[in-house]
Number of protein chains: 2
Amino acid sequence: MQITARGRYAVMAMADLAGCVCPPEECCRAVRLTEIAERQGISLTFLEQIFCRLRQAGLVSAVRGPGGGYRLARPAAEIPIIEILRGAGEPIRTTRCNPDGGPCMKAPPGRLVGGPEREPGERCQTHDLWAALGREIERFLASVTLADVIGERLAGPEAAAA
Amino acid sequence: MQITARGRYAVMAMADLAGCVCPPEECCRAVRLTEIAERQGISLTFLEQIFCRLRQAGLVSAVRGPGGGYRLARPAAEIPIIEILRGAGEPIRTTRCNPDGGPCMKAPPGRLVGGPEREPGERCQTHDLWAALGREIERFLASVTLADVIGERLAGPEAAAA
DNA sequence: GAATTCTTGACCATTTGGGTCGGGAAAAAT
DNA sequence: ATTTTTCCCGACCCAAATGGTCAAGAATTC
């Protein structure tokens with residue numbers, strides 16, 4: 001169980017972007033991807049892929065042409081981390097159920113993954129466990145915003161416990 | 001971010017195993033892997049791999065020869081899920097730091113993953129976030145035992161919140 | 001000693017992750 | 001109006017991890 005680079009990069013880049021706005025006005029200038037890529041040490045083309053998705057998810061807005069770049073679509077305090085991960089295409093998948101209510105743990109075509117074919121609605125014995133784990137993770141990631149990350153409000157082991 | 005089949009299989013198999021003991025005595029008989037593989041629809045040879053690790057981790061004990069099989073090394077109520085996952089070789093890796101205190105997010109040999117080379121001890125801006133996420137996950141998985149899983153004590157959205 | 005059952009290492013195929021490339025298209029600068 | 005700068009986006013590629021097989025071996029029981 002681990003986070004992919006795409007998800008991490010997305011959050012790193014968003015944090016970078018959020019840190020770039022001049023504090024008084026929220027929208028002083030757009031930030032070029034080249035800058036972010038350089039500062040964070042991420043491949044530019046990969047970052048373009050990621051921001052393409054983040055824009056489609058409505059988390060950032062883009063400005064083309066010279067002097068263009070990206071800005072946050074909302075204040076950092078209103079962007080929960082879970083949205084960044086979802087936007088970047090890094091879903092939290094703790095179960096293997098089809099999202100549309102298909103059979104639990106149904107195997108991908110031609111492959112045996114996760115047990116015998118089950119009737120739709122039938123659940124394996126561990127289903128509730130993974131579902132509960134998924135809820136835990138999402139709850140946490142929804143409770144932390146981009147502003148928390150750049151403000152370093154995560155130090156203690158009990159951060160964001162509310 | 002998702003759990004691999006190995007981790008899921010390990011928990012499924014342990015739950016199966018835990019469900020096999022005759023309630024009064026805890027150690028009526030050893031359970032063959034063939035049985036578990038069949039019931040859970042898991043490849044026998046893959047399951048062998050997994051149980052090899054679970055045994056090395058001290059979670060089950062093995063009995064060879066006819067009538068042999070595996071049994072739980074401890075009562076199900078004393079086996080937290082996190083131990084099964086660790087035993088099966090499915091660690092929770094939310095950061096990319098070297099365990100031995102190397103630089104945060106150092107790239108694997110010859111590959112650029114996760115930002116510029118950092119000095120040992122230096123941390124990227126999102127480090128605390130991922131560390132906190134890891135703690136959340138481990139806390140949850142440590143709070144649920146195998147007995148909880150087979151007893152279906154995970155139904156509500158607030159399960160194991162204590 | 002033959003049949004079981006675990007034990008373990010080597011091996012293999014596919015998927016996924018991480019990343020590149022190349023050509024666009026909009027907007028500003030000139 | 002053309003050039004430059006930036007985003008846009010699909011096609012492609014390689015290495016590594018994942019999920020799984022195979023085969024040989026070591027205890028144990030019958």
Side-chain angles (χ1 to χ4, degrees), chain A residues 1-10 12-13 17 29-38 40-57 60-71 88-91 93 96 105 107-115, chain B residues 1-10 12-13 17 29-38 40-57 59-71 73 88-91 93 96 105 107-115:
Chain A
M1 164 152 245
Q2 51 183 52
I3 300 181
T4 66
R6 197 165 50 218
R8 281 192 315 111
Y9 285 173
M12 286 167 67
L17 186 52
R29 72 180 180 99
V31 181
R32 269 168 304 165
L33 283 193
T34 328
E35 277 181 49
I36 300 182
E38 213 166 289
Q40 302 293 330
I42 303 173
S43 141
L44 172 62
T45 47
F46 195 22
L47 208 51
E48 285 179 335
Q49 266 188 40
I50 295 171
F51 270 77
C52 188
R53 287 163 173 250
L54 292 178
R55 187 185 53 87
Q56 286 166 351
V60 295
S61 61
V63 182
R64 291 206 263 204
Y70 284 94
R71 19 176 103 91
E90 167 113 3
R93 320 186 82 255
R96 295 235 171 161
M105 308 222 164
R111 213 156 160 213
L112 179 68
V113 170
Chain B
M1 164 153 245
Q2 53 183 51
I3 300 181
T4 66
R6 196 165 52 218
R8 281 193 314 112
Y9 286 173
M12 286 167 67
L17 185 52
R29 73 179 180 99
V31 181
R32 268 169 304 164
L33 283 193
T34 327
E35 277 181 49
I36 300 182
E38 212 166 290
Q40 303 293 329
I42 303 172
S43 142
L44 171 62
T45 48
F46 195 22
L47 207 53
E48 286 178 336
Q49 266 188 40
I50 295 171
F51 269 76
C52 189
R53 287 162 174 252
L54 292 178
R55 187 185 54 86
Q56 287 166 350
L59 292 170
V60 294
S61 61
V63 183
R64 292 205 263 205
Y70 285 94
R71 16 176 105 91
E90 168 113 3
R93 319 186 83 254
R96 295 233 170 162
M105 307 220 164
R111 215 160 157 207
L112 179 69
V113 170

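Since the model is a prediction, treat every value here as computed from it, not as a measurement. Just so we're on the same page: letters track the sequence lines, and every chain starts at 1.
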**OP:** Map A/Leu33 and B/Leu44 onto DNA chain D by nearest heavy atom, then report which one ends up closer to the 5' terminus.
**Re:** A/Leu33
Original post:
Closer to the 5' end of DNA chain D via nearest nucleotide, is it A/Val63 or A/Gln49?
Top reply: A/Val63
Original post:
With a 4.0 Å cut-off on heavy atoms, is A/Gln56 in touch with a base, just the backbone sugar-phosphate, or nothing at all?
Top reply: sugar-phosphate
Do any side-chain nitrogens or oxygens of [X] fall under 4.0 Å of OP1 or OP2 in [N]?
X	N	answer
B/Ser43	D/dG19	no
A/Thr4	C/dT16	no
A/Arg32	D/dT6	yes
A/Gln2	C/dG17	no
B/Tyr70	C/dT7	yes
A/Arg55	D/dC8	yes

Original post:
Which class fits the ring pair A/Tyr70 and A/Phe51: parallel under 30°, tilted 30 to 60°, perpendicular over 60°?
Top reply: tilted
Between [X] ([atom1]) and [N] ([atom2]), how many Å, whole number?
X	N	atom1	atom2	answer
B/Arg8	D/dG19	CZ	P	8 Å
B/Ile50	C/dG9	CD1	P	16 Å
A/Arg64	C/dA27	CZ	P	7 Å
B/Phe46	C/dC12	CZ	P	18 Å
A/Met1	D/dG19	CE	P	13 Å
A/Glu48	D/dC12	CD	C1'	16 Å
B/Arg93	C/dG17	CZ	P	16 Å
B/Ile42	D/dT21	CD1	P	12 Å

Original post:
Okay, side chain of A/Arg8, backbone of A/Ile3: is any donor-acceptor separation there less than 3.5 Å?
Top reply: no
Subject >> Side chain B/Glu90, main chain B/Thr4, donor-acceptor under 3.5 Å >> reply: yes
Original post:
A/Pro66 or A/Thr45: which one's nearest nucleotide on DNA chain C is closer to the 5' end?
Top reply: A/Thr45
Original post:
How close do B/Gly67 and B/Ala30 get, heavy atom to heavy atom, and via which atoms?
Top reply: O-CB, 4.2 Å
**OP:** Could you check if a side-chain atom of A/Ile36 sits within less than 4.5 angstrom of a side-chain atom of A/Ile42, using non-hydrogen atoms only?
**Re:** no
